[in-house]
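Some notes on the structure that comes next.
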Amino acid sequence: MIVVTGIGIVSAYGIGKEAFFSGAIKSSGIAELEDIRQKNYGITRSGIIKDFTPKKIIPVMKARKMSRFSQIALISAIEAWKDASIEGCYDSSDIGVIIGTGLGSVSSTDSFYAGLLENGPEETNPILFPETVQNIASAHISIELGLHGPNTTFSEAGIAGESAIFYASELLKYGMTNSVLVTGADELTYPLFDGMKALRVFSKNNTSMPFDIRRDGLIPGEGACTLVLERISDATKRGAHIYGEIHSFGFSAEPVERLHYSSSMCMADAIKNALNNKKPDLIIASANSTKDLDYKEANAISKTIDGNVPVTTLTSMTGFFMSSGIMRVGAAMLFMEKGVVPPIWGLEDPEVKGLGYVLETKEMKIKNVLVNGFSHGGGNICIFVRSQTCPR
């Protein structure tokens, strides 16, 4: 049994899991952009991280050599490391670092190759080059925390985070390590705005309205979440605080156009062996306010889950970024522990009727959660998590 013993979040609400939770239950973290250059992309709001001052946590000279992507990932890992109180509990060679990211540091790649083309190899900034590879964040985390266990990075678009959690869980199940820090991180930068604008995926209304009939595109965001995973026997032995269990996974894939989504049935796989196929207490949807994903996911939920199960989604709180699946799982753990679920901010008139959309902050007992991960291109991973009070 694999459990979560530490959570670190960097989000549109600021740094820390408490900043995320207390903000999410009050309002959306999506805010007006202050940068005029970003407004030129036709978008005026985003889920950019508020009050982000890396030098308060990372030594200044180290932070200066890191991309925003690496800074975000490392800070979330430091937060989770402290939250788990795991330092000194295992040999450093028995703690791994697994990263999931959609694009890594797009800004570093853009700056490095622009300099290469404009000035040639002799004048290119060498400090930028290490930040162009997607596994740089896992390297920074390992170096900063002194961890020598398995070190791997997944880049699988919208299910990069879910893939990282699955791989980390398997490492623990097969005894290849004793603990894993699994991180999902993505940055919000100008090259990303360029790409999203070219693909025409931005909301014309500058509003994130998942599942709403008025939705017309996504609002970009950024952030990171790190989970500390351990086997329950080890976590219990050292007296760790346990948030909940990573219980089961569901997988599916379907060939679709690159910006479209599939009608996934992986939700059924994730819950078929959990709680004797009973319905979950809560669903955290992948819905990102695009026409295609939200419609297909709502219908998939309706066909798979028998009953009016509460549904919420983080994209209305933080904006959309590809590796956010780990943050959804971290949020599920917090919602179970605190017994409070934030609403889908901006949802007023659902296109698909009959689902249990959470429309206002709601207190409820939650023993298990289905976390959906749907990626453009047709890949899907769903994760079923449950609390330690859930019947075995």
Side-chain angles (χ1 to χ4, degrees), residues 1-9 16-18 20-21 76-98 141-142 145-152 161-162 164-184 225-249 270-271 273-276 278 280-282 284 325-340 364-371 383-392:
M1 188 183 302
I2 308 305
V3 295
V4 175
T5 57
I7 301 174
I9 295 178
K17 67 180 189 297
E18 291 301 332
F20 166 80
F21 178 77
S76 77
I78 291 172
E79 289 284 309
W81 179 258
K82 292 178 180 178
D83 186 47
S85 299
I86 198 172
E87 186 171 4
C89 294
Y90 303 112
D91 188 275
S92 62
S93 63
D94 289 326
I95 303 178
V97 178
I98 310 299
I141 293 170
S142 296
L145 299 178
L147 308 179
H148 302 148
N151 192 297
T152 305
E162 290 86 346
I165 292 176
F166 176 73
Y167 183 72
S169 298
E170 292 297 291
L171 288 175
L172 289 164
K173 286 180 182 178
Y174 284 97
M176 300 179 73
T177 188
N178 288 330
S179 180
V180 182
L181 275 69
V182 57
T183 302
C225 178
T226 296
L227 306 176
V228 177
L229 304 186
E230 300 177 69
R231 289 181 290 271
I232 191 169
S233 56
D234 295 331
T236 303
K237 184 177 180 179
R238 73 177 187 88
H241 173 76
I242 296 175
Y243 288 95
E245 173 194 350
I246 305 293
H247 182 271
S248 56
F249 295 82
I271 64 174
N273 295 319
L275 295 175
N276 297 317
K278 292 181 181 179
D281 295 332
L282 174 69
I284 299 183
I326 295 179
M327 191 176 291
R328 286 196 290 277
V329 172
M333 298 293 172
L334 294 175
F335 299 164
M336 285 192 296
E337 182 169 272
K338 296 179 181 295
V340 180
M364 57 183 290
K365 291 182 179 180
I366 312 167
K367 293 184 178 180
N368 52 79
V369 183
L370 179 65
V371 180
I383 304 176
F384 189 85
V385 303
R386 59 187 189 182
S387 72
Q388 285 300 288
T389 60
C390 191
R392 302 295 164 202

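None of the values given here were measured: they were computed from a predicted structure.
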Quiz item: Shortest non-hydrogen contact from Ala80 to Gly8?
Solution: CB-N, 3.5 Å
Quiz item: Are there more than 12 heavy atoms of other residues, nucleotides or ligands under 6.0 Å from atom CE of Met364?
Solution: yes
Quiz item: Between Ile7 and Gly330, what is the shortest heavy-atom contact and its length?
Solution: CD1-O, 3.8 Å
Quiz prompt | For Pro150 against Ile98, the heavy-atom pair lying closest together | solution = O-CD1, 4.2 Å
Quiz item: So, are Asp83 and Lys17 salt-bridged, with charged N and O less than 4.0 Å apart?
Solution: yes
Quiz item: Between NE2 of His247 and CG of Leu370, what distance do you get to the nearest 0.5 Å?
Solution: 12.5 Å
Practice problem: For Tyr167, enumerate each residue passing the side chain to side chain donor-acceptor pair (under 3.5 Å) test, keeping only those at least two apart in sequence or located in another chain. | Solution: none
Exercise. Report yes if some heavy atom in the side chain of Ser387 is under 4.5 Å from a heavy atom in the side chain of Asn368; otherwise report no.
Key: no
Quiz item: In Å and rounded to the nearest 0.5 Å, what is the SG to CD distance from Cys225 to Glu79?
Solution: 11.0 Å
Practice problem: Would you mind reporting whether Ile95 and Leu181 have side-chain heavy atoms less than 4.5 Å apart? | Solution: yes
Self-check item: Parallel, tilted or perpendicular, as decided by the 30° and 60° cut-offs, for the rings of Phe335 and Phe20
Solution: parallel
Quiz item: Less than 4.5 Å apart, any side-chain heavy atom of Ile165 and any of Val329?
Solution: yes
Quiz item: Are Ile383 and Glu162 close enough that some pair of their side-chain heavy atoms sits under 4.5 Å apart?
Solution: yes
Quiz item: Mind checking whether Val369 and Pro280 have side chains closer than 4.5 Å, heavy atoms only?
Solution: no
Please list every donor-acceptor pair under 3.5 Å in which a side-chain atom of residues 230-242 meets a protein atom from a residue at least two apart or in another chain.
from   : atom 1 : to     : atom 2 : distance (Å)
Glu230 : OE1    : Tyr90  : OH     : 2.4
Glu230 : OE1    : Arg238 : NE     : 3.0
Glu230 : OE2    : Thr5   : OG1    : 2.6
Glu230 : OE2    : Arg238 : NE     : 3.3
Glu230 : OE2    : Arg238 : NH2    : 2.7
Arg231 : NE     : Asp234 : OD2    : 3.3
Arg231 : NH1    : Leu172 : O      : 2.7
Arg231 : NH1    : Thr177 : O      : 2.9
Arg231 : NH2    : Asn178 : OD1    : 2.5
Arg231 : NH2    : Asp234 : OD2    : 3.2
Thr236 : OG1    : Ile232 : O      : 2.8
Arg238 : NH1    : Ala84  : O      : 3.2
Arg238 : NH1    : Ser85  : O      : 3.1
Arg238 : NH2    : Ala84  : O      : 2.9
His241 : NE2    : Glu337 : OE1    : 2.6

Practice problem: Rounded to the nearest 0.5 Å, what's the gap from CD1 on Ile78 to OG1 on Thr226? Could you check? | Solution: 9.5 Å
Quiz prompt | Worked verdict on Val340 versus Phe21 for side-chain contact (heavy atoms from CB on, under 4.5 Å) | solution = CA-CA 9 Å; Val340 180; Phe21 178 77; 3.8 Å; yes
Quiz item: Glu87: what forms a salt bridge (Lys or Arg N to Asp or Glu O under 4.0 Å) with it, not counting sequence neighbours?
Solution: none
Exercise. Rounded to the nearest 0.5 Å, what's the gap from CD on Glu245 to CG on Leu229? Could you check?
Key: 11.5 Å
Quiz item: In Å, rounded to the nearest 0.5 Å, how long is the span from OH of Tyr243 to CG of Leu227?
Solution: 10.0 Å
Self-check item: Pairwise distance OG(Ser76) to CD1(Ile326) - rounded to 0.5 angstrom
Solution: 8.5 Å
Practice problem: Would you indicate whether the side-chain heavy atoms of Ile2 and Val180 approach each other to under 4.5 Å? | Solution: no
